[in-house]
**Student:** 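A single structure is presented below for examination.
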Protein chains: 2
Amino acid sequence: MVKNTGRPGYLQIADDLREQIRSGALTPGAPLPSTTRLAERYEASLSVVKLAVGVLRNEGLVIGQQGKGVFVRESAAPAPPEASSDELTEIRATLQDLSERLARVESALSDRP
Amino acid sequence: MVKNTGRPGYLQIADDLREQIRSGALTPGAPLPSTTRLAERYEASLSVVKLAVGVLRNEGLVIGQQGKGVFVRESAAPAPPEASSDELTEIRATLQDLSERLARVESALSDRP
DNA sequence: GTAGCCAACATAGTTAACCTAGTTAGCTTG
DNA sequence: CAAGCTAACTAGGTTAACTATGTTGGCTAC
């Protein structure tokens, strides 16, 4: 599940879960799958899942309760209606373009400092 | 250094560093002590120091540069803990700004290679 | 029937080890 | 002298193991 892009795995998982919360797939108050489940689902180690959950916890999107689970915060509102998937894909494409151009500039700079 | 309160060590260290940034003891652009130094100073393991730095990095207060160090961001404007409704427009504005700056760099490189 | 114990599962924190990769200073060699 | 190598440092990512602690459900003993 976790792809071998430059982005580290624990951020990929955090991104995915964050997107599920923003899209409403995970509604406020709903529990996330347990860390072991998430590790199986994303085919990642338990450690990276715990890191990913820690990121979301740090962002205040979720709240962990020892012994029970990790729950989506009530105030975590889903994405606004104008947030269409088309815009998201366009943003991703722009980011991809910027990354590639920046990589070329960086390599050119390292060749001729 | 890390006290045995209920607050976990990596958050105590993050709090302390954040306070140093906020108070001006660590000015923008200034490097934090290396992780090994911080581990010695706070008498903590390297792991908790890395967690603490990761928290600040996630908050946008510092930027880590592999091989060099971790530096206080010039515009210490932390990311909003909660997704605002116009987050998409803000992202688009950021992308626009990045595109323009990158275009200038590219043209400067092509003019003077 | 119920009170209490216990096993299973949950998050959370900590530590240690290993790997990748970038930077820098200094030395060595051609 | 200059190019290049090397060693020592840096951050970052991943994994595994251990501990602590809270929750839950089922079983047992009375």
Side-chain angles (χ1 to χ4, degrees), chain A residues 1-17 21 26 29-73 99 102-103 105-113, chain B residues 1-17 21 26 29-73:
Chain A
M1 176 64 193
V2 174
K3 297 181 181 62
N4 192 12
T5 66
R7 196 156 179 79
Y10 75 98
L11 286 184
Q12 289 185 42
I13 297 178
D15 289 343
D16 194 69
L17 293 175
I21 293 175
L26 285 173
L32 270 64
S34 74
T35 52
T36 56
R37 293 291 172 88
L38 290 177
E40 295 170 357
R41 170 178 306 181
Y42 291 105
E43 294 175 2
S45 74
L46 210 58
S47 300
V48 300
V49 169
K50 288 167 76 173
L51 283 179
V53 173
V55 168
L56 298 182
R57 196 150 42 96
N58 191 265
E59 292 174 357
L61 280 179
V62 299
I63 287 186
Q65 288 180 254
Q66 260 189 346
K68 298 188 72 175
V70 179
F71 300 87
V72 180
R73 268 191 40 171
S99 297
L102 185 55
V105 168
E106 283 169 338
S107 68
L109 269 184
S110 66
D111 288 347
R112 297 171 183 266
Chain B
M1 177 63 193
V2 175
K3 298 182 181 64
N4 192 11
T5 65
R7 194 156 180 78
Y10 75 99
L11 287 184
Q12 290 185 42
I13 296 178
D15 291 344
D16 194 67
L17 293 176
I21 293 175
L26 285 172
L32 269 64
S34 76
T35 52
T36 56
R37 292 292 172 86
L38 290 176
E40 295 169 357
R41 170 178 305 180
Y42 291 105
E43 294 175 4
S45 75
L46 210 57
S47 300
V48 303
V49 169
K50 287 166 80 171
L51 283 179
V53 173
V55 168
L56 298 182
R57 197 151 40 96
N58 190 267
E59 291 175 358
L61 279 179
V62 299
I63 286 187
Q65 287 180 253
Q66 263 189 347
K68 297 188 70 174
V70 179
F71 301 87
V72 180
R73 265 189 48 167

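Letters A, B, ... mirror the listed sequences (proteins, then strands); counts begin at 1.
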**Student:** Given side chains that start at C-beta, do those of A:Leu38 and A:Leu17 come closer than 4.5 Å, heavy atoms only?
**Tutor:** yes

**Student:** Under 4.0 Å, heavy atom to any atom of DNA chain C: which of residues 32-53 of chain A qualify?
**Tutor:** A:Ser34, A:Thr35, A:Thr36, A:Lys50

**Student:** Show the nearest heavy-atom pair for residues B:Gln12 and B:Arg7, with the distance to one decimal.
**Tutor:**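 The answer is NE2-O, 2.7 Å.
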
**Student:** Nearest 0.5 Å, what's the CZ-CD1 distance between B:Arg73 and B:Ile63?
**Tutor:** 5.0 Å

**Student:** The criterion is side-chain hydrogen bond (donor to acceptor under 3.5 Å, both in side chains); which residues satisfy it with B:Arg57, sequence neighbours excluded?
**Tutor:** none

**Student:** Taking any heavy-atom pair under 4.0 Å as a contact, classify A:Arg57: base, sugar-phosphate, or nothing.
**Tutor:**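 Counting heavy atoms under 4.0 Å across all strands, the contact made by A:Arg57 is with sugar-phosphate only.
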
**Student:** Quick one: CD on A:Glu59 to CD on B:Glu59, what's the gap to the nearest 0.5 Å?
**Tutor:** 10.5 Å

**Student:** Could you give the angle between the helix axes at the two ends of the helix from C:dG1-D:dC30 to C:dG30-D:dC1, with five pairs per end, rounded to 10 degrees?
**Tutor:** 30°

**Student:** Heavy atoms under 4.0 Å, any strand shown: does A:Gly54 hit a base, just sugar-phosphate, or nothing?
**Tutor:** nothing

**Student:** Give the B/S/- string for nucleotides 19-26 of chain D, one per nucleotide from 5' to 3', where a protein heavy atom under 4.0 Å of the base yields B, of only the sugar-phosphate yields S, and otherwise -.
**Tutor:** -B-BSS--

**Student:** Between D:dT14 and A:Tyr10, is there an OP1 or OP2 to side-chain N/O distance shorter than 4.0 Å?
**Tutor:**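 For D:dT14, neither OP1 nor OP2 has a side-chain N or O of A:Tyr10 closer than 4.0 Å.
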
**Student:** Do B:Val62 and B:Ile21 have side chains that approach each other closer than 4.5 Å (heavy atoms only, starting at C-beta)?
**Tutor:**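 They are in contact (side-chain heavy atoms under 4.5 Å apart), so the answer is yes.
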
**Student:** For residues 39-56 of chain A, run the donor-acceptor check on the side chains, cut-off 3.5 Å, and write out each pair with its distance to 0.1 Å, sequence neighbours left out.
**Tutor:**
from: A:Tyr42; atom 1: OH; to: A:Asp16; atom 2: OD2; distance (Å): 2.5
from: A:Ser45; atom 1: OG; to: A:Ser47; atom 2: N; distance (Å): 3.4
from: A:Ser45; atom 1: OG; to: A:Val48; atom 2: N; distance (Å): 3.4

**Student:** Earliest and latest nucleotide of DNA chain C, 5' to 3', sitting under 4.0 Å from a non-hydrogen atom of chain A?
**Tutor:**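 Nucleotide range with atoms under 4.0 Å of chain A: C:dA10 to C:dG13.
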
**Student:** Can you find a pair of side-chain heavy atoms, one from B:Leu32 and one from B:Arg37, that are under 4.5 Å apart?
**Tutor:** no

